[in-house]
Amino acid sequence: MARTREFDTEAAVSRAMELFWTRGYEATSVRDLTGHLGIGQGSLYAAFGDKDGLYRAALEHYRTTLAAAALRSLEEGADARSAIRAMLVERIRIAVADDGRGCLAVNAACERLPEDAATRRTVRDMQDAGREALAEVLRVAAERGEIAERHDPYTLAAFLVTFLNGLLVSAKITPDVHALEPLVEVALAALD
């Protein structure tokens, strides 16, 4: 008879996400994970297969929590410029936390690509979702006359995603909100 799992896998994935985010994949050992999660090595392997399986679960958790929250925030803004500004500033604030840990998805791309095809797919899916959400906000904003119509909304959205990726890497180098926030206004000038 199989033993019942004696720990909350969702909580374990969330805690593992924090550890991978702070330390990176390579610098996080199975021993680090089992110690941080308070579970045995056998339990980790039984629940997730291996370290890589737990990493994939952590990236997926990031996608469905923090990345999804960023997309929802775009829908809550009074106008496109305010919504995009708020989303970018919030991403900066998260990225500079804990001495500049950045963004888990961008960190994953920098650390694991091009060799890790599964990570590439996961990060690409997150970026595609962000680009699509931004493109829709920008399309509606152009129709309302909130932004200039001289640029294609999809191209503007791709620019903003690319800008954000660079900003999130910069947050690891210079984890200073006051140094990074003014750059958001420069990027928003592309909407004029």
Side-chain angles (χ1 to χ4, degrees), residues 1-73 86-130 133 161-181:
M1 180 177 207
R3 286 183 41 178
T4 311
R5 190 165 292 137
E6 297 176 8
F7 66 95
D8 180 345
T9 55
E10 190 172 322
V13 168
S14 181
R15 289 180 49 86
M17 178 191 79
E18 294 293 332
L19 192 59
F20 283 128
W21 193 353
T22 301
R23 298 189 65 192
Y25 179 86
E26 295 299 332
T28 303
S29 68
V30 171
R31 177 177 286 183
D32 295 332
L33 288 163
T34 57
H36 188 72
L37 304 178
I39 63 173
Q41 198 171 6
S43 295
L44 185 146
Y45 289 122
F48 304 106
D50 56 12
K51 174 184 162 182
D52 196 59
L54 180 53
Y55 185 68
R56 304 249 166 273
L59 279 175
E60 182 61 19
H61 181 70
Y62 183 87
R63 186 186 69 76
T64 60
T65 57
L66 284 124
L71 298 182
R72 281 192 305 276
S73 75
M87 185 270 295
L88 292 172
V89 167
E90 181 60 18
R91 297 299 98 197
I92 291 170
R93 291 181 189 277
I94 292 169
V96 301
D98 299 323
D99 198 31
R101 68 181 178 168
C103 163
L104 180 61
V106 173
N107 294 352
C110 292
E111 182 180 17
R112 306 285 296 157
L113 302 185
E115 293 84 12
D116 185 342
T119 295
R120 181 188 302 274
R121 280 189 302 277
T122 301
V123 172
R124 185 183 310 128
D125 289 349
M126 283 188 248
Q127 291 200 347
D128 288 350
V161 168
T162 302
F163 166 75
L164 179 57
N165 289 338
L167 195 61
L168 295 171
V169 171
S170 293
K172 293 178 71 70
I173 300 163
T174 307
D176 180 0
V177 170
H178 302 294
L180 299 173
E181 275 189 18

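Using a cut-off of 4.0 Å between Lys/Arg side-chain N and Asp/Glu carboxylate O, Arg56 and Asp116 are scored as salt-bridged. Salt bridge absent: Asp125 and Arg121 never bring a charged side-chain N and a carboxylate O closer than 4.0 Å. Taking a cutoff of 4.0 Å between a charged side-chain nitrogen and a carboxylate oxygen, Asp52 and Arg112 qualify as a salt bridge.
Side chains of Arg91 and Leu167 form no contact here, defined as non-hydrogen atoms less than 4.5 Å apart. Counting only heavy atoms from C-beta outward, the side chains of Lys172 and Val106 never approach each other to under 4.5 Å. Contact annotation: the side chain of Leu19 never approaches that of Arg15 to less than 4.5 Å [non-hydrogen atoms, C-beta and beyond]. Within the 4.5 Å cutoff, side-chain heavy atoms of Trp21 are placed close to those of Glu18. With a 4.5 Å cut-off on side-chain heavy atoms, Leu88 and Phe163 count as touching.
The line from CG of Leu104 to CD1 of Ile94 is 12.0 Å long, rounded to the nearest 0.5 Å. Atoms CZ and CG, on Arg101 and Leu168 in that order, are 12.0 Å from each other to the nearest 0.5 Å. Rounding to the nearest 0.5 angstrom, the gap separating the CZ atom in Phe20 from the NZ atom in Lys51 is 6.0 Å. To the nearest 0.5 Å, atoms CG (Asp176) and OG (Ser170) are separated by 12.0 Å.
Sparse packing is recorded around CD of Glu10, with 12 or fewer heavy atoms of other residues, nucleotides or ligands lying under 6.0 Å away.
Nearest heavy-atom pair across Leu59 and Met126 is O-CE, 4.0 Å. For the pair Val123 and Ala109, the tightest heavy-atom approach, listed with the atom from each and the gap, is CG1-CB, 4.3 Å. Residues Ala27 and Asp32 come closest through the heavy atom pair O-OD2, 3.4 Å. Heavy atoms only, all atoms of each residue included: Val169 and Cys110 are closest at CG2-SG, 4.2 Å. Scanning both residues, Cys103 and Tyr62, for their nearest heavy atoms gives SG-OH, 3.1 Å. Smallest separation of non-hydrogen atoms from Ala171 and Leu180: CA-CD1, 3.7 Å.
In this model, no donor atom of one side chain and acceptor atom of the other lie less than 3.5 Å apart for Asn165 and Thr162.
Checked by atom type and distance alone, the side chain of Thr34 pairs as donor or acceptor with a backbone atom of Arg31 at under 3.5 Å. Judged by distance alone, with hydrogens and angles left aside, the side-chain atoms of Glu26 form no donor-acceptor pair with the main-chain N or O of Glu111 at under 3.5 Å.
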> Given the rule in the side-chain contact (heavy atoms from CB on, under 4.5 Å) test, do Val13 and Phe48 qualify, once you have shown the distances and angles that lead to the verdict?
Replying inline: CA-CA 9 Å; Val13 168; Phe48 304 106; 3.5 Å; yes
> Between Asn107 and Tyr25, is a side-chain contact (heavy atoms from CB on, under 4.5 Å) present by the stated rule, with each step listed?
Replying inline: CA-CA 9 Å; Asn107 294 352; Tyr25 179 86; over 6 Å; no
Run the side-chain donor-acceptor check on residues 64-71: report pairs under 3.5 Å with partners two or more places apart or on a different chain.
unit_1 : atom_1 : unit_2 : atom_2 : d
Thr64  : OG1    : Glu60  : O      : 3.2
Thr64  : OG1    : His61  : O      : 3.2
Thr65  : OG1    : His61  : O      : 2.6

